[in-house]
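Numbers restart at 1 for each chain; the letters A, B, ... are given by sequence-line order, proteins then strands.
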There are 2 protein chains.
Amino acid sequence: MKITIETVAKKAGVSTAAVSYVLSGKQKLSPEVTVKIKKAIEELGYKPNIIARNLASKKTWTVGFYTSSTKNIRGDVFFNPLLAGILDNLHQQKYQLHLYADYLNETDEDHPDLSLTQPIDGALIMNPRVNDVYLEYLKQQNIPFVVIGTPAEPEKVFYVDVDLTAASYIATKHLILKGHRNVLFILGPEDLMQTVHHTQGCKMAFDEMGWELSAESLVHLPMAEEESYEALKSIGEDIHKYSAIVAFHDIYSFGIMSFLKDNQISVPQNMMYISLGNSLFCRVNSPTITSIDLAPYDIGFQSAEMLVDIIEKRRMQPSHSIIPVNLIKRESA
Amino acid sequence: MKITIETVAKKAGVSTAAVSYVLSGKQKLSPEVTVKIKKAIEELGYKPNIIARNLASKKTWTVGFYTSSTKNIRGDVFFNPLLAGILDNLHQQKYQLHLYADYLNETDEDHPDLSLTQPIDGALIMNPRVNDVYLEYLKQQNIPFVVIGTPAEPEKVFYVDVDLTAASYIATKHLILKGHRNVLFILGPEDLMQTVHHTQGCKMAFDEMGWELSAESLVHLPMAEEESYEALKSIGEDIHKYSAIVAFHDIYSFGIMSFLKDNQISVPQNMMYISLGNSLFCRVNSPTITSIDLAPYDIGFQSAEMLVDIIEKRRMQPSHSIIPVNLIKRESA
DNA sequence: GTGAAAGCGCTAACAA
DNA sequence: TTGTTAGCGCTTTCAC
């Protein structure tokens, strides 16, 4: 038999409203009644039905996190601390997390089942595409959201990001100062906003020197681990034109390292390598690699904080947080 | 104004039931009516309220995933492929994921807010403790669940796991065959079931040789990255008694590697090192480390598969899947 | 302080 | 085939 709020009310000899008040604490009842109700709840082992509560109160205490594809998640060391940051903040604020992976590029469905999206009070959305359907949907449905990464129209939207342009500028500049001029940039898919920002940073550093950034030195790759090896291979002998590589996603790291090793190109003597946003890989290979810390935990924590603020109307105007980046030098002496 | 199923029904000049049928496809209506309703839905931009649907249908199409603490998630390379496997399977079967991190050891609350747990059709629960409150709650609430990892009472519960005892046996045996007798085992917290299984495997291999497994060669550590370095350090000079290490969680890897390096103990010449369940770290240091592949993606995929089967009553009796393990040798010649 | 009752928006059994 | 309507279990207003 189902134990509902009514069961409890009957047993305690009160109305359902009284039980609800005790549960929520939104209204004070007399001590005797309160005790009676609490006893009934205890004895019956009553647990409120959250769905019914959600329906009546129009509040789910749940936040949706739209992340990247599972292929991407698998090899992404950025993902874990980001998620941890989100969860920690939400836990503090008594919210929960609903996780959506991105299956948009899967062949079997060209339109995501966005109607499934609803039982959330707000959403976190990672690396939106240039024209993002999820973003459009959330806007249209009036669901508050915070973008992780910089969106196409920053002025209209809440977001938190690291300054990717700065990061990529710092990385490029660092290489330039080391005497590198022919740098190979291994970037993500062109339709990601972050790729746009990445490219800007490289360009800034080159522009500053009055150098041209050639198109063939910018390689765009799908976010999959194996790709980078193949990409370098397909460059063939031209690889020797380059004296440095910037990898914009850690997922490319292993492929790059393997390739360099297979071709007996040592790092950093003949080849210098910079990775964005990865402390893990960097640490393992500590003596040979420079990386930039993109502080993913902080991003997660901040974005959740901002979202809850919006949900609870503590923040009204579109705004953003930019998490600072640090260059972590790990070069051998 | 709120657009509900009634708005649509009125506009199309039909009943709410008709609209519901079109939406769910659970009952066929005449082509004309169907078209009329679809048009109304389209024009109004109607999206069904999922919460109301859940309440009425008593089905959420959502699965809860009880994972470890965020501290643990942060450095766990096992987590990503596990999650990816879960998500991929759930997506195939049209289910969604609600993610709960474990804050049980946090000081501020000794009892988790389990009542928040309810809007799920089933749960995946990772590495349950010896007496797990979540597990008890799920049982009591009659929420179907699958344990990832081997539970305390395997015969009563659905679970999927790798054969951890076998894995740890294989690792230990491997070392023994290499001529190692003094092996240091770096294990997780003692109240985790998996630690129990790990220990069993080591013991089996030693028993087989008629050797004793000494208590001080079994080090139990919290699941945090820094711990392993300190643990080794505190062993002091005794470290030279050991010629091999088995790390039972990848999270200890970095600390161990750093320690060995700092103390000029080279791997594997003087010291052999085996890690369980990590292909990432293993790959990076390919020539010097042996690891065991615990196939986390498969575990995730399988456990989700099993859970949905239970939810949809295709599986009735407690059962389990054991994912096979492989020794990955990466020793230098 | 307490209770009655009207929703919340949808599903599905039943009737027509 | 289509419509009526009684729930689903809780919250919250309003009257007492």
Tell me whether the OP1 or OP2 atom of [N] has a side-chain N or O from [X] closer than 4.0 Å.
{"X": "A/Y21", "N": "D/dC10", "answer": "no"}
{"X": "B/T4", "N": "C/dG9", "answer": "no"}
{"X": "A/K26", "N": "D/dT12", "answer": "yes"}
{"X": "A/S20", "N": "D/dT11", "answer": "yes"}
{"X": "B/K58", "N": "C/dC10", "answer": "no"}
{"X": "B/S30", "N": "D/dT2", "answer": "yes"}
{"X": "A/K28", "N": "C/dG1", "answer": "no"}

How close or far is atom [atom2] of [N] from atom [atom1] of [X], stated in whole angstroms?
{"X": "B/N54", "N": "C/dC8", "atom1": "CG", "atom2": "C1'", "answer": "13 Å"}
{"X": "A/K10", "N": "C/dG3", "atom1": "NZ", "atom2": "C1'", "answer": "14 Å"}
{"X": "B/Q27", "N": "D/dT1", "atom1": "CD", "atom2": "C1'", "answer": "8 Å"}
{"X": "A/L23", "N": "D/dT12", "atom1": "CG", "atom2": "P", "answer": "12 Å"}
{"X": "A/I50", "N": "C/dC8", "atom1": "CD1", "atom2": "C1'", "answer": "16 Å"}
{"X": "B/E6", "N": "D/dT4", "atom1": "CD", "atom2": "C1'", "answer": "12 Å"}
{"X": "A/K59", "N": "D/dT11", "atom1": "NZ", "atom2": "P", "answer": "14 Å"}
{"X": "A/L44", "N": "D/dG9", "atom1": "CG", "atom2": "P", "answer": "15 Å"}

So what does [X] hit on the nucleic acid, given a heavy-atom distance under 4.0 Å: a base, only sugar-phosphate, or nothing?
{"X": "A/V33", "value": "sugar-phosphate"}
{"X": "A/A18", "value": "sugar-phosphate"}
{"X": "B/S24", "value": "nothing"}
{"X": "A/V14", "value": "sugar-phosphate"}

What's the closest nucleotide to the side chain of [X] if the choices are [options]?
{"X": "B/A56", "options": "C/dG9, D/dT12, D/dC10", "result": "C/dG9"}
{"X": "A/L55", "options": "D/dC10, C/dT11, D/dG9", "result": "D/dG9"}
{"X": "A/S57", "options": "D/dT2, D/dC10, D/dT11", "result": "D/dT11"}

(request) Could you check whether the rings of B/Y134 and B/Y66 sit parallel, tilted or perpendicular, using 30° and 60° as the cut-offs? (result) tilted
Under a 3.5 Å distance rule, please check whether [X] uses its side chain to pair with a backbone N or O of [Y] as donor and acceptor.
{"X": "A/Y21", "Y": "A/T34", "result": "no"}
{"X": "A/D309", "Y": "A/R314", "result": "no"}
{"X": "B/N80", "Y": "A/D76", "result": "yes"}

(message) Cation-pi check for A/Y297 against B/R74: NZ or CZ below 6.0 Å from the six-membered ring centre and within 45 degrees of the axis, yes or no?
(response) yes
(message) For a salt bridge (charged side-chain N to carboxylate O under 4.0 Å, His left out) check, start with the C-alpha distance between B/K10 and B/E6, then their side-chain angles and the critical distance, and finish with the verdict.
(response) CA-CA 6 Å; B/K10 279 216 178 96; B/E6 215 180 316; 3.6 Å; yes
(request) On DNA chain D, check which nucleotide each of A/I5 and B/T16 is closest to and give me the residue with the more 5' one. (result) B/T16
